[in-house]
Visitor: 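The structure follows.
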Amino acid sequence: MSLNLRTHYTSQIDPEAMNGAEVTLAGWVYEVRDLGGICFVVLRDREGRAQVTLVKKRTDPELLENARKLVRESVITVTATVKAEAKAPGGYELIPKEIRLLNEAESPLPMDTTGKVEAELDTRLDSRFMDLRRDRTTAIFKIRHETLQAVRKYLSDNGFIDVTSPKVVATATEGGTSLFPITYFDREAFLNQSPQLFKQILMSGGLDRVFEIGPIFRAEEHDTRKHLNEATSIDIEASFCDHFDVMSILENMIAYVYAHVKEHAARSLEALGIDLQVPAVPFPKITYDEALEIVNAHGEETLKWGDDLSTLSEHTIGAHVFKEMGVSHYFIIDWPTDIKPFYAMPYEDRSEFSKSFDMMHRTMELSSGAQRIHIHDMLKKRIESQGLDPEGFDFYLKAFRYGMPPHAGWGVGCERLVMTMLGVENIRDVVLFPRDRRRLSP
RNA sequence: GUCCGAAUAGUGUAGUGGCCUAUCAUGAAGCCCUGUCGAGGCUUCGACCCGGGUUCGAAUCCCGGUUCGGGCGCCA
């Protein structure tokens, strides 16, 4: 016996073609409107809503009585006849034969699902299961799905192999961020901050082009709208490429993702009231030095060569680029070697600059990448000069001693990609169960 | 970590020392209503974050705590 209770989603009912057909829908009670002589029950499923109409004179009294008593957000199935009806939302209504109550919801609900009363993000996250029943929230996660589908499609079509690297690691942080320590049997281990080291090792393995979409962990006590302690990273690494090659892959992928979402998530975009504009490629490239000039010319703060860009300066540059060139996405290239990770390749003729880049949205950084150092001794030296212990990197450095091709890559924050695409202001909005400095549950 | 702000029914809010027996919406319970689509009408229910203090009197002012929001910092 099967528990396949549903014959159709609400969106699969064609009023004309299916007029008179019997269907069974499964979902939640969105609303009951009892007008006395006529009663409407609105069923909601993932794809939309359907109106069940019960006319007093023509409905079995017990069926009507049970329908009137339905508690909002309870789970029901409705077996009914489809009736094309211009007066009904969606152009059809359902004349029920049977309404089965599968699971009654408690009352009152922890939050409103109809959009009449907005709930704060914190309230919504505490009751995420209920929040997901709202159109807007469902739309965000459908778009996130289409985003990742597009990323996989684009990268696969361009010769990238989907890989999975370990999230539990012994040591060897890339520096900078701190890691979450965990217990691995009787040893100390950590949750990995990024697949960086492993995807590089795969270049030595000859996989040539790889990508990974997976979780990354950062034990930083940041407290902003654009940081998470557990995030999703979209990473690539490609052999026989320099930074310009992978920038090209990145910008084309972003444009592809936007176009894909526009086409495949049109209803979700509409639910969010978004008219998505696909960014034009190539994205403009400005150098780090030019970025500094922009910041210093605007006078709100003064940066000197070698400084990293502050939040304020990112906004200054983003606003400037948007005003001058009318684009939201751009690259900042040629960063000082010393403020980029040890594996970024310096230019041969000016080693204080590296073959590195950040890909920016006008509101925040979306990606960073570089051509990597593929020369063992140079890499080891860079590790040492950044104050790290090369011994912890043995497993990584070993891969550079037996034939490592030149390579380049980048990582994009999936959440930031989605939030900038949708104009969502808080990164937690695009994560089902966000992990931030304070939130560990649900 | 730091600066600023907030905390009132299930949810979202009004409120600036007495007019608060606390506003409104939504919701819930009940009743009326045959085309609702944020249905409408009537009745009822439901709240001042915790601890101290000031005051004749505190939702309101002060102190501490907790939690939340925003800015910055930290952050390949």
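Lettering of chains follows the sequences in order, A, B, ..., and the numbering in each one begins at 1.
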Visitor: Starting at the 5' end of RNA chain B and moving along, which residue's nearest nucleotide shows up first, K199(A) or V55(A)?
Guide: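 Counting from the 5' end, the first nearest nucleotide belongs to V55(A).
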
Visitor: Please check if the side chain of S367(A) supplies one atom and the backbone of G411(A) the other of a donor-acceptor pair under 3.5 Å.
Guide: yes

Visitor: Assess the side chains of S233(A) and D235(A): does a donor N or O sit below 3.5 Å from an acceptor N or O?
Guide: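 Yes, because at least one side-chain N or O of S233(A) sits under 3.5 Å from a partner of the opposite role on D235(A).
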
Visitor: In Watson-Crick or G-U wobble terms, both distances under 3.5 Å, what is the partner of U36(B)?
Guide: none

Visitor: Both distances below 3.5 Å, Watson-Crick or wobble geometry, any strand: find the nucleotide opposite A6(B).
Guide: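 Result: U67(B).
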
Visitor: 5'-most contact on RNA chain B: I38(A) or I339(A), nearest heavy atom basis?
Guide: I38(A)

Visitor: Identify the nucleotide, in any strand shown, that forms a Watson-Crick or G-U wobble pair with U13(B), with both distances under 3.5 Å; if there is none, say none.
Guide: none

Visitor: If you check the H222(A) side chain, which of A76(B), U36(B), C74(B) turns out closest?
Guide: C74(B)

Visitor: Would you please say whether a donor-acceptor pair under 3.5 Å links the side chains of D45(A) and T10(A)?
Guide: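 There is such a pair between these side chains.
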
Visitor: Please name the residue in the list E314(A), E415(A), E365(A) that meets the salt bridge (charged side-chain N to carboxylate O under 4.0 Å, His left out) test with K226(A).
Guide: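 One option only clears the test, and that one is E314(A).
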
Visitor: Quick one: is G69(B) close enough that its OP1 or OP2 comes under 4.0 Å of any side-chain N or O from R225(A)?
Guide: no

Visitor: What orientation do H407(A) and F400(A) show, parallel under 30°, tilted 30 to 60°, or perpendicular over 60°?
Guide: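 If you compare the ring of H407(A) with that of F400(A), the planes turn out tilted.
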
Visitor: Within residues 101-126 of chain A, find the residues that approach RNA chain B with a heavy atom at under 4.0 Å, and present them sorted by residue number.
Guide: S107(A), P108(A), L109(A), P110(A), K116(A), V117(A), E118(A), A119(A), E120(A), D122(A), T123(A)

Visitor: Decide yes or no, distance alone: a donor-acceptor N/O pair under 3.5 angstrom between the base of G35(B) and the side-chain of E93(A).
Guide: yes

Visitor: Less than 4.0 angstrom between a side-chain N/O of R218(A) and OP1 or OP2 of C74(B), yes or no?
Guide: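 So the side chain of R218(A) is outside the cut-off, no N or O lying under 4.0 Å from OP1 or OP2 of C74(B).
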
Visitor: Atom CZ of F180(A) to atom P of C74(B): distance rounded to whole Å?
Guide: 18 Å

Visitor: Take the protein atom CG of D34(A) and the nucleotide atom P of C31(B), then report the distance between them rounded to whole Å.
Guide: 10 Å

Visitor: Any side-chain donor paired with an acceptor under 3.5 Å for Y92(A) and D14(A)?
Guide: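 There is no such pair (donor and acceptor under 3.5 Å, judged by atom type) between the side chains of Y92(A) and D14(A).
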
Visitor: State plainly whether the residues R439(A) and D122(A) are in salt-bridge range, i.e. N to O under 4.0 Å.
Guide: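 So R439(A) pairs with D122(A) through a salt bridge.
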
Visitor: Measure the distance from NE2 on H407(A) to C1' on A76(B) and round it to the nearest whole Å.
Guide: 14 Å

Visitor: Could you identify the nucleotide paired to U54(B), looking across every strand shown and requiring Watson-Crick or G-U wobble geometry with both distances under 3.5 Å?
Guide: none

Visitor: Which part of the nucleic acid, if any, lies within reach of E85(A) when heavy atoms closer than 4.0 Å are counted: base, sugar-phosphate only, or nothing?
Guide: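 Base: the residue E85(A), judged by heavy atoms under 4.0 Å, touches a nucleobase.
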
Visitor: I want to know whether F342(A) and F393(A) have ring centres closer than 6.0 Å.
Guide: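 Centroid separation for F342(A) and F393(A): below 6.0 Å.
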
Visitor: To the nearest Å, give me how far apart CZ (R72(A)) and P (A29(B)) are.
Guide: 10 Å

Visitor: Please evaluate the base of C75(B) for a donor-acceptor partner in the side chain of H227(A) within a cut-off of under 3.5 Å?
Guide: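 Yes.
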
Visitor: Is C19(B) paired to anything, Watson-Crick or G-U wobble with both distances less than 3.5 Å, and if yes, which nucleotide?
Guide: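 C19(B) is paired with nothing.
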
Visitor: Distance alone, cut at 3.5 Å: any donor-acceptor contact between the side chains of Q200(A) and Y396(A)?
Guide: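 Yes, side-chain donor-acceptor contact under 3.5 Å.
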
Visitor: Is it the case that the side chains of S165(A) and E212(A) hold a donor-acceptor pair, with the cut-off being a distance below 3.5 Å and no angle test?
Guide: yes

Visitor: Checking all strands, does G369(A) fall into the base, sugar-phosphate, or nothing category for heavy-atom contacts under 4.0 angstrom?
Guide: nothing

Visitor: At under 4.0 Å between heavy atoms, what does A88(A) touch on the DNA or RNA strands: base, sugar-phosphate, or nothing?
Guide: base

Visitor: Mind calculating the distance between CD1 (I95(A)) and C1' (G35(B)) to the nearest angstrom?
Guide: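 My rounded result for the distance is 12 Å.
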
Visitor: Base, sugar-phosphate, or nothing: which does K57(A) touch, judged by heavy atoms less than 4.0 Å apart?
Guide: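 Touches a base.
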
Visitor: Could you state the atom-to-atom distance from CG of L70(A) to P of G27(B) in whole Å?
Guide: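 The distance from CG of L70(A) to P of G27(B) comes to 16 Å, rounded to the nearest Å.
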
Visitor: Taking only heavy atoms on the protein side, list every residue of residues 310-320 of chain A lying under 4.0 Å from any atom of RNA chain B, sorted numerically.
Guide: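 When residues 310-320 of chain A is checked for heavy atoms under 4.0 Å from RNA chain B, the hits, listed by number, are S310(A), T311(A), H315(A).
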
Visitor: Taking the P atom in each of G71(B) and U44(B), what is the distance between them to the nearest angstrom?
Guide: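 Going atom to atom, P in each nucleotide, I get 44 Å.
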
Visitor: Decide if atom CZ of R350(A) counts as having more than 12 heavy atoms of other residues, nucleotides or ligands within a radius under 6.0 Å.
Guide: yes

Visitor: Mind calculating the distance between CG (D135(A)) and C1' (G38(B)) to the nearest angstrom?
Guide: 13 Å

Visitor: In whole Å, I'd like the distance from the CG atom of D223(A) to the C1' atom of C74(B).
Guide: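 Distance check: D223(A) CG to C74(B) C1' gives 11 Å.
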
Visitor: Is it true that H361(A) and T363(A) share a donor-acceptor pair across their side chains at a distance under 3.5 Å?
Guide: yes

Visitor: Which residues within residues 426-442 of chain A lie with some heavy atom under 4.0 Å of an atom in RNA chain B?
Guide: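 The answer is N426(A), R437(A), R438(A).
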
Visitor: Between E31(A) and T114(A), does any side-chain donor sit less than 3.5 Å from a side-chain acceptor?
Guide: no

Visitor: Taking atom P in both C61(B) and U8(B), what distance in whole Å separates the two?
Guide: 15 Å

Visitor: Which atoms form the tightest heavy-atom contact between T24(A) and T79(A), and what is the distance?
Guide: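 Between these two residues, the closest heavy atoms are OG1-OG1, 3.0 Å.
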
